[in-house]
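Just below is one structure, and these are the notes that go with it.
Labels below follow one simple rule: chain letters A, B, ... track the order of the sequence lines, proteins then strands, and each chain is numbered from 1.
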2 protein chains.
Amino acid sequence: MKIGTLSARTGVPARMLRYYEDQGLLAPQRSGNGYRAFAEDDVDRVTMVRDLIRSGLPTRLIRIVLEMENPVASGWTERCTRDFAEVLAGELEALDARIACLTRSRDTVRDYLSHTEHAALLSGSAGR
Amino acid sequence: MKIGTLSARTGVPARMLRYYEDQGLLAPQRSGNGYRAFAEDDVDRVTMVRDLIRSGLPTRLIRIVLEMENPVASGWTERCTRDFAEVLAGELEALDARIACLTRSRDTVRDYLSHTEHAALLSGSAGR
DNA sequence: CTTGACCTTCACACTGATGTCAGACTTTAC
DNA sequence: GTAAAGTCTGACATCAGTGTGAAGGTCAAG
């Protein structure tokens, strides 16, 4: 699919899709005319990237996470140096901290909202 | 406590503590000499703010979340307009998306790490 | 064949979170 | 009392993520 279609389907501006490619988060084919040709899977990939960026992960890290999703294909697992593993472990702790903090904030917002007269706006995500 | 102490205890640079104050996330007293005098509670508050910022929440939103933590004191609950409640509900969904996405990424990293020879680096946060 | 919609690359501007430095004042230590 | 360390304000720089627009190529509809 072309960039406009992917943009429409994900809500992510075409500008950003090019940026993601530039950062090595997407690697669309190119059709003869030079247009980017995205795969169906890129829809999910793009929304994931967008959410991760919104969550404060730098593209540098997102690239790593994406590559880790099929470690075999990218020839990982083998050469994972001690240093790199330590970096990862550090990032892992940071991730946990963020998740905890975001969860707490979400609960705060939800609790607040549920105490107002607009509690009806609470959609799903009810109980955790 | 003075800014240097708070900085040391939270790991947040003094520069950022001043920035937080500027953004209305902290409101330290001032002692006679003009120095900021932070309260003990600010230690937790600051680490929370730092984590939320790292999680991509703009200070504008963090201010709201903080105020929501004691809605009565800030005289909320009463005048929570429909429009504002809708904004909140939207942010709530965005929060859920981020939490889901971060959780998934954390699991990816952890699974990966646990398959390497450096699995020992995995500290707590084990099961969930 | 022309028009309009969509694509390409490139560049500049903006914003929010940070780092850093300068100049002035306060406090602490010797 | 003097020197060092800490604090104040304020300005400027940087970096990542985004928005926006220019100049030109591609393609489908009329």
Side-chain angles (χ1 to χ4, degrees), chain A residues 1-39 42 45-66 91 94-95 97-98 101-102 105, chain B residues 1-39 42-43 45-66 91 94 97-98 101-102 105:
Chain A
M1 91 193 74
K2 287 187 288 186
I3 201 171
T5 312
L6 183 58
S7 173
R9 289 183 57 186
T10 57
V12 175
R15 167 74 170 83
M16 283 298 102
L17 297 178
R18 302 200 183 94
Y19 176 68
Y20 293 170
E21 178 184 20
D22 189 60
Q23 298 296 302
L25 308 179
L26 288 175
Q29 298 294 112
R30 293 293 182 136
S31 33
N33 49 16
Y35 287 14
R36 291 172 181 78
F38 293 92
D42 287 331
R45 194 175 175 98
V46 163
T47 59
M48 171 172 177
V49 167
R50 189 245 284 131
D51 282 344
L52 287 181
I53 284 183
R54 281 189 183 164
S55 302
L57 267 75
T59 55
R60 193 190 88 252
L61 262 185
I62 300 181
R63 196 180 322 121
I64 294 180
V65 173
L66 286 177
E91 293 295 341
L95 276 178
R98 287 181 205 186
C101 203
L102 278 181
S105 299
Chain B
M1 91 192 74
K2 287 188 288 187
I3 202 172
T5 312
L6 183 57
S7 173
R9 289 183 57 188
T10 57
V12 175
R15 167 72 171 84
M16 283 298 101
L17 297 177
R18 302 199 184 95
Y19 176 68
Y20 294 170
E21 178 184 20
D22 189 60
Q23 298 296 303
L25 307 179
L26 289 175
Q29 298 294 111
R30 293 293 182 136
S31 32
N33 50 16
Y35 286 15
R36 291 170 180 80
F38 294 92
D42 286 331
V43 174
R45 194 175 175 99
V46 163
T47 59
M48 170 171 178
V49 167
R50 188 245 285 131
D51 282 344
L52 287 181
I53 284 183
R54 281 188 184 165
S55 302
L57 267 75
T59 56
R60 195 192 86 252
L61 261 185
I62 300 180
R63 197 179 322 123
I64 295 180
V65 173
L66 286 176
E91 294 295 341
R98 287 179 206 187
C101 203
L102 278 181
S105 299

(message) Rounded to whole Å, how long is the line connecting atom CD of B:Gln29 with atom P of D:dC8?
(response) 14 Å
(request) I would like to know whether A:Leu52 and A:Met48 meet side chain to side chain contact (heavy atoms under 4.5 Å, CB included); could you show each step before the answer? (result) CA-CA 6 Å; A:Leu52 287 181; A:Met48 171 172 177; 3.8 Å; yes
(request) By nearest nucleotide on DNA chain C, pick out whichever of B:Gly32 and B:Leu57 is the more 5' one. (result) B:Leu57
(message) By the 4.0 Å heavy-atom rule, please label B:Arg18 as base, sugar-phosphate, or nothing.
(response) base
(request) Write down the distance between CD (B:Glu21) and P (D:dG10), rounded to a whole number of angstrom. (result) 12 Å
(message) Does C:dG16 have OP1 or OP2 under 4.0 Å away from a side-chain N or O of B:Thr59?
(response) no
(message) Can you confirm whether B:Val12 sits close enough to B:Thr47 that some side-chain heavy atom of one is under 4.5 Å from a side-chain heavy atom of the other?
(response) no
(message) Between C1' on C:dG16 and CG on B:Leu25, what's the gap in Å once rounded to a whole number?
(response) 13 Å
(request) Spell out, as yes or no, whether a donor-acceptor pair under 3.5 Å connects the side chain of B:Arg45 to the backbone of B:Leu26. (result) no
(message) Side chain of B:Pro58, heavy atoms from C-beta onward: which of D:dA11, C:dT8, C:dA17 has the nearest atom to it?
(response) C:dA17
(message) Whether A:Asn33 contacts D:dC27 is assessed here as follows: a side-chain N or O lying under 4.0 Å from the phosphate OP1 or OP2. Is that the case?
(response) yes
(message) Within the 4.0 Å heavy-atom criterion, would you say B:Arg54 contacts the bases, only the backbone, or no part of the nucleic acid?
(response) nothing
(request) In whole angstrom, give the distance that lies between atom CG of A:Asp22 and atom C1' of D:dA16. (result) 12 Å
(request) Grab the CE-C1' distance between A:Met16 and D:dG19 for me, whole Å please. (result) 8 Å
(request) Look at the side chain of A:Ile3 and decide which nucleotide, out of C:dT8, D:dT7, D:dG17, has an atom nearest to it. (result) C:dT8
(message) Just N and O in the side chain of A:Arg36: are any of them under 4.0 Å from OP1 or OP2 of C:dC7?
(response) no
(request) For the pair B:Met16 and B:Arg50, evaluate side chain to side chain contact (heavy atoms under 4.5 Å, CB included) and give the outcome as yes or no after the intermediate values. (result) CA-CA 9 Å; B:Met16 283 298 101; B:Arg50 188 245 285 131; over 6 Å; no
(request) Nearest whole angstrom, please: distance from the P of D:dA16 to the CG of A:Leu61. (result) 13 Å
(request) Report yes if some heavy atom in the side chain of A:Arg98 is under 4.5 Å from a heavy atom in the side chain of B:Arg98; otherwise report no. (result) no
(request) Can you tell me the distance, in whole Å, between the NZ atom of B:Lys2 and the P atom of D:dA5? (result) 15 Å
(request) Could you tell me the separation between the CZ atom of A:Arg15 and the P atom of C:dA11, rounded to a whole number of Å? (result) 12 Å
(message) If you only use heavy atoms from C-beta on, which nucleotide in C:dT8, C:dT20, D:dT7 is closest to the side chain of B:Tyr35?
(response) D:dT7
